[in-house]
Amino acid sequence: MLWLVFLPALLAGLIQGLTGFGSAIIMMIFLPAILPIGQGAGVATLVMAASVITLVYRYRHAIHLRRIILPFILYASVATWSIHLTRVWDVHRLRLMLGILLVCLAIYFLWSKSAGDRKYPWPVAIGFMLISGFFNGLFGIGGPLMALYFLSLSDSTDEYLASIETFFLFDTIYVTSVRVATGVLVASNVPLILLGMVGATTGTIIAAHLLNHLDINHMKRGIYLFIGLSGLYYLFF
């Protein structure tokens with residue numbers, strides 16, 4: 001059980017450090033095997049808190065709060081509603097939704113070579129915010145579409161990482177508060193969260209050393225393929 005938290009958290013921290021997002025996707029491949037999906041989503045979010053705070057501090061000079069506030073309000077309003085669905089929907093339906101989400105994300109990123117290079121019109125951008133908030137409330141997976149949104153607005157890597165990590169910090173504070181208030185996250189989750197934080201921080205440190213020595217494009221393709229295979233697992237097993 002402990003290895004199903006520590007090792008995924010280490011991998012999640014590595015991916016987050018290299019790409020700016022994706023930690024919750026990796027953790028939610030494993031956590032539903034040992035926790036209810038709603039609790040797993042909450043644990044996955046808090047596990048990355050230390051890493052997110054570190055990245056926000058590192059790129060603080062490039063933060064543009066006006067770029068973040070409105071998207072977060074739309075995102076959080078939908079996430080607040082969808083959190084409650086984890087307590088009333090059956091687990092089988094949630095597993096199917098998680099599987100479909102992971103497969104769709106993998107297909108999109110594998111086939112859309114310019115996914116992060118375009119500027120999206122407002123209706124599409126708002127759709128990204130609402131869809132991301134919905135799946136964040138359910139599974140803690142709200143990063144990929146928001147990463148595309150912020151990437152389309154950024155002129156540098158520092159701007160992108162500053163925006164997406166500050167957004168995730170707001171998300172962690174708000175959504176975790178809702179999960180605790182509604183009883184989704186409980187005190188018995190704390191040991192797993194702390195163990196995961198150790199793994200995630202370790203992964204983030206490794207990423208900082210590897211970032212200048214790896215072909216990130218090839219690494220991303222391998223990650224997305226793995227995500228797709230994991231989605232198929234949730235759909236059929």
Side-chain angles (χ1 to χ4, degrees), residues 9-27 41-80 115-120 122 125-126 128-129 132-133 136 140-180 193-194 196-214 216-217 219-220 223:
L10 190 151
L11 181 58
L14 178 63
I15 292 167
Q16 187 89 0
L18 291 172
T19 67
F21 75 101
S23 59
I25 297 175
I26 297 302
M27 295 205 68
V43 169
T45 299
L46 275 178
V47 157
M48 292 305 300
S51 297
V52 168
I53 291 171
T54 300
L55 291 169
V56 169
Y57 181 79
R58 179 176 180 181
Y59 296 104
R60 64 191 183 280
H61 61 278
I63 295 174
H64 299 286
L65 285 178
R66 293 179 62 183
R67 180 179 295 175
I68 299 168
I69 297 298
L70 178 59
F72 178 74
I73 292 173
L74 294 175
Y75 171 96
S77 62
V78 177
T80 303
D117 300 328
R118 64 183 65 148
K119 291 190 181 295
Y120 301 99
W122 268 109
I126 291 173
F128 281 5
M129 299 166 198
S132 296
N136 179 65
I141 298 175
L145 294 180
M146 295 310 303
L148 291 178
Y149 170 72
F150 287 120
L151 193 60
S152 71
L153 299 178
S154 302
D155 296 321
S156 67
T157 300
D158 284 9
E159 272 191 35
Y160 162 68
L161 289 174
S163 295
I164 192 67
E165 298 305 327
T166 303
F167 183 88
F168 287 153
L169 179 58
F170 290 170
D171 173 52
T172 298
I173 295 170
Y174 176 74
V175 175
T176 297
S177 299
V178 175
R179 288 190 173 114
V180 171
I193 292 168
L194 294 177
M197 282 184 172
V198 175
T201 302
T202 303
T204 303
I205 293 171
I206 295 172
H209 291 286
L210 293 179
L211 193 57
N212 296 324
H213 303 285
L214 293 179
I216 295 178
N217 289 326
M219 189 173 192
K220 284 182 180 179
I223 292 167

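Nearest heavy-atom pair, Thr176 versus Thr172, reported as atom, atom and distance to 0.1 Å: OG1-O, 2.6 Å. Nearest heavy-atom pair, Leu14 versus Ala207, reported as atom, atom and distance to 0.1 Å: O-CB, 3.5 Å. In plain terms, the two heavy atoms of Arg179 and Thr45 that are nearest each other are NH1-OG1, 3.5 Å. Among all heavy-atom pairs drawn from Gly196 and Ala9, the shortest one is O-CB, 3.2 Å. For the residue pair Thr54 and Ala50, the shortest heavy atom distance occurs at OG1-O, 2.9 Å. Counting all heavy atoms, side chain and backbone alike, Ser51 lies closest to Ala200 at OG-O, 3.5 Å.
Here the straight-line distance linking atom CD of Gln16 with atom CG of Leu11 works out to 11.5 Å at 0.5 Å rounding. Taking CG of Leu55 as the start and OG1 of Thr204 as the end, the distance is 6.0 Å to the nearest 0.5 Å. To the nearest 0.5 Å, atom CG of residue Leu169 and atom OH of residue Tyr174 are 15.5 Å apart. Once rounded to the nearest 0.5 Å, the distance linking CD1 of Ile205 with OG1 of Thr201 reads 6.5 Å. We find the CD1-CG distance between Ile173 and Leu46 to be 10.5 Å, quoted to the nearest 0.5 Å.
Between Phe168 and Met48 there is no side-chain heavy-atom pair separated by less than 4.5 Å. The shortest distance between side-chain heavy atoms of Asp171 and Asn136 falls below 4.5 Å. Put simply, the side chain of Leu153 does not reach to within 4.5 Å of the side chain of His64, judged on heavy atoms. Residues Ile63 and Val56 have side chains in contact (heavy-atom distance under 4.5 Å, counting atoms from C-beta outward).
For the residue pair Tyr149/Ser163, the side-chain donor-acceptor check at 3.5 Å is not satisfied.
Of the listed residues (Leu161, Thr166, Ile68), just one forms a side-chain contact (heavy atoms from CB on, under 4.5 Å) with Phe150, and that residue is Ile68.
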Just do the side-chain contact (heavy atoms from CB on, under 4.5 Å) check on Tyr59 and Glu165 with the steps written out, would you?
-> CA-CA 9 Å; Tyr59 296 104; Glu165 298 305 327; 5.7 Å; no
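A distance of 6.0 Å or more separates the ring centres of Phe170 and Tyr75.
For the pair Arg67 and Glu159, the salt-bridge criterion is met [side-chain N within less than 4.0 Å of a carboxylate O].
Counting only distance, with no hydrogens or angles, the side chain of Ser132 and the backbone of Met129 share no donor-acceptor pair below 3.5 Å. Here the side chain of Arg60 pairs a donor or acceptor atom with the backbone of Tyr57 at under 3.5 angstrom.
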